[in-house]
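Everything quoted here is computed from the prediction, not taken from an experiment.
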Amino acid sequence: MLSHLDAQNRPTMVNVGGKPVTHRTAHAVATVTLPPALAGLVAGNEIQSKKGPLFQTAILAGIMGAKQTSTLIPLCHPLPLDDCRIEIQAGQPDATGAVDVTIHCHAGVQAKTGVEMEALTGATIAALTLYDMGKAVSHGIIIKDVRLLEKTGGKRDWRAE
């Protein structure tokens with residue numbers, strides 16, 4: 001049975017009232033492929049635009065998004081994040097001139113429930129911000145491979161293989 005369904009298969013919030021508060025962390029990643037026209041503007045791991053610096057703006061948006069996870073995703077518990085860090089790194093151009101940008105979101109909290117959704121939301125919102133700010137140059141931006149890489153705390157730790 002899924003944790004967010006009751007015995008009658010109705011949506012329900014998981015009751016974490018009896019669980020202990022523990023230190024919990026999560027690390028999520030998203031990849032954004034910038035088409036050649038936009039990738040050619042990357043300089044010093046940043047893109048300057050009329051809207052401002054794309055990567056720095058995406059970092060702020062990702063942190064803000066992680067903090068708002070419970071308002072975006074039904075049944076997520078609101079968590080007071082102790083830490084949220086976003087790192088954005090542009091790779092080398094491929095044969096076509098496109099560049100993969102990797103967005104890592106690390107989140108941490110002292111809570112009764114995990115922080116995976118916050119890390120995934122942070123990485124995703126940062127990726128969407130890159131799309132929004134870059135679409136003036138090209139709509140060919142691809143957001144892909146959003147996934148959890150690691151979580152610690154709670155019943156068990158987990159790491160992607």
Side-chain angles (χ1 to χ4, degrees), residues 2-4 11 23-109 111 113-154 156-161:
L2 296 173
S3 62
H4 287 83
H23 179 68
R24 295 159 184 266
T25 66
H27 175 195
V29 66
T31 303
V32 178
T33 301
L34 304 179
L38 188 56
L41 300 177
V42 174
N45 204 47
E46 182 58 271
I47 298 175
Q48 296 296 334
S49 76
K50 292 178 184 175
K51 292 185 177 184
L54 270 65
F55 293 0
Q56 296 304 309
T57 304
I59 288 169
L60 291 173
I63 292 168
M64 292 170 66
K67 291 169 57 174
Q68 294 297 315
T69 299
S70 68
T71 63
L72 298 170
I73 300 173
L75 308 178
C76 273
H77 292 85
L79 294 177
L81 295 181
D82 296 326
D83 182 36
C84 185
R85 290 174 287 112
I86 301 219
E87 299 152 7
I88 300 178
Q89 184 65 47
Q92 296 299 313
D94 67 14
T96 69
V99 168
D100 278 346
V101 173
T102 306
I103 302 168
H104 290 270
C105 181
H106 299 265
V109 69
T113 189
V115 71
E116 301 97 292
M117 295 308 300
E118 286 72 13
L120 287 161
T121 300
T124 302
I125 295 296
L128 289 168
T129 301
L130 285 182
Y131 184 94
D132 181 50
M133 294 184 75
K135 72 181 188 260
V137 174
S138 174
H139 282 86
I141 301 163
I142 300 169
I143 298 170
K144 60 185 180 184
D145 300 330
V146 178
R147 62 191 180 111
L148 184 69
L149 294 180
E150 180 180 31
K151 75 126 196 135
T152 66
R156 65 186 177 280
D157 293 348
W158 180 86
R159 182 178 296 232
E161 310 233 348

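Closest approach of Gly114 and Arg24 over heavy atoms only: N-NH1, 3.5 Å. Shortest non-hydrogen contact noted between Arg147 and Leu120 is C-CD2, 3.6 Å. The two residues Glu46 and Leu54 have their closest heavy-atom pair at OE1-N, 3.1 Å. Across all their heavy atoms, Ala39 and Gly97 have their closest contact at CB-O, 3.3 Å. When all heavy atoms of Ile103 and Ile88 are compared, the pair lying nearest together is CG1-CG1, 4.0 Å. Ala30 approaches Ala123 most closely through the heavy-atom pair CB-O, 3.9 Å.
Donor-acceptor pairing under 3.5 Å is lacking for the side chains of Thr121 and Glu118.
The shortest distance between side-chain heavy atoms of Leu128 and Ile143 falls below 4.5 Å. Residues Gln56 and Leu60 fail the side-chain proximity criterion, which asks for heavy atoms closer than 4.5 Å. Residues Ile142 and Val32 fail the side-chain proximity criterion, which asks for heavy atoms closer than 4.5 Å. Here the side chains of Leu130 and Ile141 are not in contact, with every heavy-atom distance at 4.5 Å or above.
Put simply, CD1 on Ile47 and OG1 on Thr57 are 11.0 Å apart, with the number rounded to the nearest 0.5 Å. Note that CG of Leu148 and CZ of Arg159 are 11.0 Å apart. Values are rounded to the nearest 0.5 Å. Distance CD1/Ile63 to SG/Cys105: 7.5 Å, rounded to 0.5 Å. In this structure, CD in Glu87 is found 11.0 Å from OG1 in Thr102, a value given to the nearest 0.5 Å. The CD1 atom of Ile86 sits 7.5 Å away from the CD1 atom of Ile59 when rounded to the nearest 0.5 Å. For the atom pair SG of Cys76 and CD of Glu116, the computed distance is 9.5 Å after rounding to the nearest 0.5 Å.
Contact check on Arg85 versus Asp83 returns a salt bridge, with a Lys/Arg side-chain nitrogen under 4.0 Å from an Asp/Glu carboxylate oxygen.
Pairs engaging residues 123-138 under the side-chain hydrogen bond (donor to acceptor under 3.5 Å, both in side chains) rule: Asp132-Lys135 [sequence neighbours left out].
Asn45 contributes a side-chain N or O that, together with a main-chain N or O of Ala90, makes up a donor-acceptor pair within less than 3.5 Å. Checking side-chain atoms of Lys151 against main-chain N and O of Arg156 turns up a donor-acceptor pair under 3.5 Å.
Remark: His27 pairs with His104, His106 by the ring-ring contact (aromatic ring centres under 6.0 Å, His included) rule, at least two apart or across chains. Remark: Thr25 pairs with Thr152 by the side-chain hydrogen bond (donor to acceptor under 3.5 Å, both in side chains) rule, at least two apart or across chains.
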Handout entry: Test side chain to side chain donor-acceptor pair (under 3.5 Å) applied to Thr33 and Asp100, step by step
Key = CA-CA 4 Å; Thr33 301; Asp100 278 346; 2.5 Å; yes

